[in-house]
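What follows is a short report on a single structure.
The chains referred to below are lettered A, B, ... by the order of the sequence lines, with proteins before strands, and numbering in each begins at 1.
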Amino acid sequence: MSDSSDQLVLMEGINKSFPGVQALIDGFFELRSGEVHALCGENGAGKSTLMKILAGVYQKDSGKIFYNGREVDIPNPRAAQLLGISMIHQELNLMNHLSVAHNIFIGREPRRAFGLLLDEQLINQQTSELFAQLHIKLDPRTRVADLSVAQQQMVEIAKALSFDSRVLIMDEPTAALTNAEIEDLFRIIGQLRERGVGIVYISHRMDEIKRISDRVTVMRDSRYIATLPTASSSIDQIINLMVGRTIYESTPEVPEEYGEVALEVRNLSRAPVLHDINFTLRRGEILGLAGLMGAGRTEVARAIFGADPRDSGEIFVHGRKVTINSPYDAVRAGIGYLSEDRKRYGLALGMDVEANTVMASLKDFLRFRTLVDRIRARFVTDQQVSNLGIKTPSLQQAVRHLSGGNQQKVIIGKWLTADSDILIFDEPTRGIDVGAKNEIYHLLNSLAAQGKAILMISSELPEILRMSHRVIVMCEGRITGEMPISEASQERIMQYATQREAVVS
Amino acid sequence: MQTSSLGTLRFSMRSNAMQRVLAFSALIVMIIIFSLASPNFFTFSNIVSILTATAVNGVLALGVTFVIISGGIDLSIGTVMTFSAVIVGVLVTNNQLPIGVGLIGGLAAGGLCGFINGLLIAKLKIPPFIATLGMLNIAKGLALILSGLKPIYFTDTPAFSLIAMGSVLGAIISGFTIPNAVLIMFGAALIASVLLNQTVLGRYTFALGSNEEATRLSGVNVDSWKIRVYTLCGVFSGLAGVLMASRLNSAQPALGQGYELDAIAAAVIGGTSLSGGEGSIMGTIIGAFVISTLTNGLRILSVPQEWQTVITGAIVIAAVYLDIVRRKRQR
């Protein structure tokens, strides 16, 4: 352990807001050289935002950043790199068609022949040296596209170190890694720590944090909560700080009995991401679908909805077999899908609230089978706006200008207007602030109470535990566990979510 | 909420209409400048000739406006127009079929080309730029083949030239001899406006350009609607072909290429965004008038043809740049 004289980074009083969301309030963070500093908190607590400010991705609205005791200004990622601060993002930033070596030296390639030609040999040689230092076994000439996610991450780390980084920020680095790969990563992190690099480790996984970090900083609701030495704190203590008291206040009220089976999926497969998926979903039920990143949860949703092709599988809606080859078929069968990425897959951002609300059911708003009945569309949209509590200055407001929570409600309104009985929510509260989250939760409950059948996909275990009546867990494209909520716990779900044995067969 | 967001609302409304207002002001300013510069500009006969000159390009631009709003592009409209004109000539002059059959044939020929464009783009997933570039050459080649490389004249059917150049208005109000082509353009614009703003087709045109994947995931059969958008654009090109043939009293197989760029320029000057999701019929018509007024005015001021082209190019670049600036501010 190091003492405070080794202070590398100090962030104080950092504020940052995005349209509709206060992402950071009086943010604080301190990093020492040679330490692994875990940063934890629920999704949306502000961890990534704080670190993106340090890495120059975002600009702080106010506050101070000190680096090696000197106040610094970090206007862009390039400036951060020059200071020696590198960030490895959750979504890796590599160019798939270039070689590993070219990715590492992009923008500063060694040249030869008076700077006219790239010095391939030197690029590859320097990359090999870098890999050797880290004991990474990779050919510098491999194309990034041909690497596994774990190997790509190693490339990102090597790239960060090639800038002589003193600070390395890792945003959920193990989310997509296998156990063996995680061991490799930890070995490299250990080496970096010995070299005096300060490492910020953003993660949800308590066991990893406990194992690898020296100190833990907890954030909640966009604020700094506390910093603890890892060795003398328990996992429970950290989790309590993370969730405050709010999360466990309510556990789902499971209805005494459900309605008929609304959706049944049999033998759904899509190589290589889905293998033999079977489950049923009843009216009035909220079925939680849990699993780690890459387990195939979104793929299940998209396959049911007809957004992706599938190899095999039958889908029954209200007991009748339906043929779903496209979202068009799915919508007609009464299925609605709320994607995890609203802006990309859910909304026509430039169009207004009304147009988005009637988008999936425009055929019901026609006069003479061709003209859009604006008056009725407006009336129905107005109803949804007041029922769902959508905050918008008018129905003609472009949805781009609404907050995340209100955008999500517009999509819910779209499916309600289309009379969908089966609603698939993929990460319903991703990117939504805490207050709005609660509203979405209330909405889900009341939709279930009205007899809608709800499949809820979530990466946040507290969300799964708070909302679901029943939980199914996926790992690597298979369903590995199912349990009523009364028997579910974070530990049990994690156990199924990491149950890889089934894959070997 | 109500009050705090009113500002953004007003701003977004203003910025949406901004380009149209700008284009319209540019048109007015141009008219004033040209009027002051030459006494021959603001005369009834010159205004009529500007209107007439706008008709063909205006109708072409209407169709491509739909395609551009949907997030696509159609480079084939110019030669499809020619192809349609040649079809009319083949039907009416070479086969001596009634003019009505020729008209329907011309519109259908354009629609068919558009339909094929749509198929290539929606089903085979060929990028619009490439698919319609191919169609540009196919239509151009077919027009030359069918016409035997020579213009087809409508000398046997004098009524044909009345479609565009006759004046129903002049017959009603004496002296007010505005050619039918102008009326047809405004009529087509009216229909286009209803299609774009009040029908499912129009709604999905905007939705496709705004976010195609979200539209697909809303259960909309996007392939089929895309095909309809390109088909509609083809029909407008066919109509432009009929007007062109009628105005020249002949189908000129070598004419047409290059018209697509003027039409696209008209749409863009009028505020249709090349990245899709935004645009208006009113804007496109204003854009078409900006181009024809500029060309006409420069000719009256005896600016050489080649400089007219240079200036038109500069105006298009300026219009697109303004659009980009506006968009950036909107973010």
Side-chain angles (χ1 to χ4, degrees), chain A residues 19-20 302 305-307 326-333 335-339 341-352 354-356 358-363 365-374 377 390-394 396-403 406 411 414-415 418 420, chain B residues 1-17 69-71 122-123 191 193-225 228 232 271-273 275-279 326-327 330-331:
Chain A
R302 288 180 59 95
F305 193 62
S326 70
Y328 177 74
D329 298 332
V331 173
R332 281 164 52 111
I335 304 175
Y337 172 55
L338 291 90
S339 134
D341 190 337
R342 284 185 293 282
K343 293 186 178 172
R344 260 175 79 191
Y345 302 125
L347 293 166
L349 285 174
M351 299 180 81
D352 62 23
E354 181 189 311
N356 275 284
V358 298
M359 181 79 88
S361 50
L362 203 52
K363 295 225 162 76
F365 290 90
L366 299 185
R367 285 180 296 151
F368 315 117
R369 304 184 63 198
T370 47
L371 300 182
V372 178
D373 186 347
R374 292 289 302 275
I390 299 171
K391 293 198 192 76
T392 175
S394 86
Q396 273 64 55
Q397 174 80 317
V399 293
R400 171 182 294 130
H401 301 299
L402 300 186
S403 72
N406 284 306
I411 304 177
K414 169 169 85 177
W415 293 118
S420 307
Chain B
M1 193 68 203
Q2 205 77 29
T3 43
S4 67
S5 299
L6 263 170
T8 31
L9 174 69
R10 207 173 290 146
F11 178 69
S12 71
M13 272 171 53
R14 192 172 44 196
S15 57
N16 268 332
I69 293 175
S70 81
K123 294 294 179 190
I191 293 170
S193 179
V194 170
L195 282 173
L196 187 63
N197 297 314
Q198 296 189 35
T199 67
V200 188
L201 175 74
R203 187 61 71 85
Y204 288 153
T205 301
F206 278 108
L208 281 171
S210 182
N211 190 339
E212 181 176 335
E213 189 60 10
T215 307
R216 186 174 82 97
L217 292 178
S218 295
V220 176
N221 189 343
V222 294
D223 287 356
S224 133
W225 287 103
R228 288 178 221 196
L232 179 70
T272 299
S273 161
S275 43
E278 270 180 56
R326 178 173 67 90
R327 207 164 295 280
Q330 207 174 331
R331 283 290 126 86

### Summary
Honestly, the part of A:V372 sitting under 4.5 Å from a heavy atom of chain B is both
### Part of B:V194 lying under 4.5 Å from any heavy atom of chain A
side chain
### Message
With a 4.5 angstrom heavy-atom cut-off, is it the side chain or the backbone of A:L371 that approaches chain B, or both, or neither?
### Response
both
### Task
Check whether any side-chain heavy atom of B:I69 lies under 4.5 Å from a side-chain heavy atom of B:L196, and answer yes or no.
yes
### Message
So A:N406 and A:T392, do their side chains get closer than 4.5 Å, heavy atoms only?
### Response
no
#### Entry: Check: A:K391/A:S403 side-chain N/O donor and acceptor closer than 3.5 Å
no
### Summary
Whatever's closer than 4.5 Å to a heavy atom in chain B on A:R344 counts as backbone
### Query
Does a side-chain heavy-atom distance below 4.5 Å link A:Q397 with A:D352?
no
### Message
Does either side chain, that of B:T199 or that of B:R203, offer a donor lying less than 3.5 Å from an acceptor on the other one?
### Response
no
### Task
With the side chain counted from C-beta on, respond yes when A:L349 and A:K343 share a heavy-atom pair under 4.5 Å apart, and no when they do not.
yes
### Message
Among A:Y337, A:F365, A:F305, which residue has the highest count of heavy-atom pairs closer than 4.5 Å to chain B?
### Response
A:F305
### Query
When heavy-atom pairs shorter than 4.5 Å are enumerated against chain A, which of B:G209, B:A214, B:G202 gives the highest number?
B:A214
### Segment of A:A307 engaging chain B (4.5 angstrom heavy-atom cut-off)
both
